[in-house]
Student: 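Quick one: structure below, then a few questions.
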Amino acid sequence: MPDLRDDVRDLFGAITGRDLDGLWSAPGRVNLIGEHTDYNAGLVLPFAIDRRTVVAAGARDDALIRVASTFSDQAVEIPLAELDDVRGRAGWADYPLGVAWALGRSGADLAAVPGVDLVIDSNVPVGAGLSSSAAIESAVALALDDLWRLGLSRPDLARVGQLAENEFVGAPTGIMDQTASLLGRADAAVFLDCRSLETESIPLGFAAAGLTLLVLDTGVAHAHATGGYRERRASCEAGAAALGVATLRDLTIDDLPRARAELDDVTFRRVRHVVTENQRVLDVVRALREDGPAAIGALLDASHASMRDDFEISVPELDLAVETALENGAIGARMTGGGFGGAAIALTPVDAVSRIQVAIDGAFAEHGFAAPEVFPVRPSDGAARDS
Ligand code: GLA
């Protein structure tokens, strides 16, 4: 983190020749449980992680927005009034530009606010399913809200980030990632009801229970703007419509026999995943409260099985990572995030960490898969102004 801050500060000076007005940062997230439930108005339980995106920002005396980063040579400069023209076409810069655009759609008067320079650095791995994009959106949203004195709440800023991602970047994702990034707390998960948008902080206590949360990043690339993610969302919407409910949140386990009778097999299994996953989120929250984190392993495993068999969004690398972690001492493991690649998580006794790391490296090599990255993450605080 000190390095990231120094890097963006230096780059900001080199690019603008000025001092910055402030530094803001926001974390990536791991979803503990509740997958593909957010856009079905369901329940999720993510937490913010100790990997962050840092934004150095400074107001300009014109009406341009300029974005640059330490991870791309591509800098973009455009009048705030013309953001619409580059919608979906600015590569990585779509995320910060999309946030400025979405603030305009959410009440900010882009003709009245000052232009801005944004310089971004990040140590959230890209493509691992850890929401590097939401980390950028949340850090930029908080920075612009401060610089432009908009006074939006954190839940409002989460909606701004989602709007940027849905309408500017063009990925039909839900509200979970931005909420985790903006509302996360150290050593706790964010229990979010995506229907009411109410949140509650749920203590995790991994370290106190002698547990570590490992990320098992397969390195398999995924993209949510296209392909499977969009298709799954469409199946869920079709299932809800066929069953006469507004969203799949309106169904419970008791509705599954009727769903099986009325839906084709594939749509039924998509629906069953979402309905049972909502229940598993409730069960995990209750287990955390009553018995502590050592009690949630079987629920994590059941979530993975449901995504593998019913929702069909796992890949062989994710299944192998999960199985190998469980065979080598993890108490629960599941893929996390949108699927079709990215990472799995394994809740692991501290003394099993190195055995699991070695076993996963070995298993991937044996199967001819590219070397995975296995590393611990700590439930951490959400977005903040750092200076
Ligand atoms: C991605 C999306 C989220 C959510 C998950 C699946 O991370 O950005 O909104 O839908 O996939 O749970």
Side-chain angles (χ1 to χ4, degrees), residues 26-49 51 94-95 98-99 102 124-138 155 158-184 189-195 197 199 215 217 220-237 247-249 270 273-278 280-281 284 300 303-304 306-308 310-315 318 334-345:
R29 66 97 189 91
V30 151
N31 189 16
L32 188 58
I33 195 158
E35 220 66 83
H36 286 262
T37 47
D38 61 353
Y39 57 77
N40 289 303
L43 303 170
V44 294
L45 191 67
F47 61 85
I49 60 174
R51 301 287 189 113
D94 271 336
Y95 295 98
V99 168
V124 185
V126 174
L130 300 179
S131 292
S132 56
S133 50
I136 297 178
E137 290 154 7
S138 301
R159 278 190 287 270
V160 163
Q162 187 195 12
L163 184 63
E165 187 135 350
N166 292 169
E167 302 288 326
F168 201 88
V169 179
T173 49
I175 189 83
M176 167 171 71
D177 306 339
Q178 296 81 4
T179 303
S181 182
L182 281 153
L183 294 176
V190 182
F191 178 30
L192 166 67
D193 180 331
C194 299
R195 182 163 61 188
L197 295 181
T199 57
V215 169
D217 180 7
V220 178
H222 66 281
H224 295 329
T226 51
Y229 185 97
R230 193 178 280 280
E231 259 172 49
R232 293 302 180 280
R233 185 168 180 156
S235 296
C236 291
E237 282 160 8
T247 67
L248 294 184
R249 174 63 183 285
R270 305 298 187 249
H273 165 71
V274 173
V275 171
T276 57
E277 187 79 351
N278 279 330
R280 282 186 289 270
V281 174
V284 165
L300 301 184
S303 171
H304 185 76
S306 179
M307 287 188 282
R308 183 190 59 211
D310 273 357
F311 219 60
E312 296 181 282
I313 55 172
S314 192
V315 295
L318 286 167
R334 59 183 287 277
M335 53 147 284
T336 186
F340 305 101
I345 53 172

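We count ligands from 1, going down the list as the structure has it; atoms in each ligand are counted the same way. Keep in mind that this is a model prediction, so the values were computed, not measured. Scope of the values below: all heavy atoms of this structure, side chains included, with no hydrogens, waters or symmetry mates.
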Student: To the nearest 0.5 Å, what is the distance between CD on E165 and CG on D94?
Tutor: 10.5 Å
Student: Please confirm whether Y229 comes within less than 3.5 Å of ligand 1 when only nitrogen or oxygen atoms on both sides are compared.
Tutor: yes
Student: Which of the numbered atoms in ligand 1 are under 4.0 angstrom from any heavy atom belonging to M176?
Tutor: 4 (C), 5 (C), 12 (O)
Student: Where does R29 meet ligand 1, judged by heavy-atom distances below 4.0 Å: at the side chain, the backbone, both, or neither?
Tutor: side chain
Student: CD1/I175 to CG/L192 distance, rounded to the nearest 0.5 angstrom?
Tutor: 7.5 Å
Student: Any idea which atoms of ligand 1 are less than 4.0 Å away from a heavy-atom of T173?
Tutor: 2 (C), 8 (O), 9 (O)
Student: Pick out which of E231, E312, E237 makes a salt bridge (Lys or Arg N to Asp or Glu O under 4.0 Å) with R270.
Tutor: E312
Student: I want to know if ligand 1 touches H36 in the polar sense, i.e. an N/O pair below 3.5 angstrom.
Tutor: yes
Student: Please list, in number order, the atoms of ligand 1 under 4.0 Å from a heavy atom of Y39.
Tutor: 10 (O)
Student: Output yes when the distance from some N or O of ligand 1 to some N or O of N31 is under 3.5 Å, and no in every other case.
Tutor: no
Student: For residues H36 and C236, determine if any side-chain heavy atom of one lies less than 4.5 Å from a side-chain heavy atom of the other.
Tutor: no
Student: Taking both backbone and side-chain atoms of E165, is any N or O found less than 3.5 Å from an N or O belonging to ligand 1?
Tutor: no
Student: Atoms of ligand 1 less than 4.0 Å from D38 heavy atoms?
Tutor: 3 (C), 4 (C), 9 (O), 10 (O)
Student: Do the side chain of N278 and the main chain of L43 share a donor and acceptor less than 3.5 angstrom apart?
Tutor: yes
Student: N166 side chain to A171 main-chain N or O, any donor-acceptor pair under 3.5 Å?
Tutor: yes
Student: So for ligand 1, is G174 a polar contact partner (N or O within less than 3.5 Å, distance only)?
Tutor: yes
Student: Can you list the residues that meet the side-chain contact (heavy atoms from CB on, under 4.5 Å) rule with E277, with sequence neighbours excluded?
Tutor: I33, E35, T37, H273, R280, S303, R334
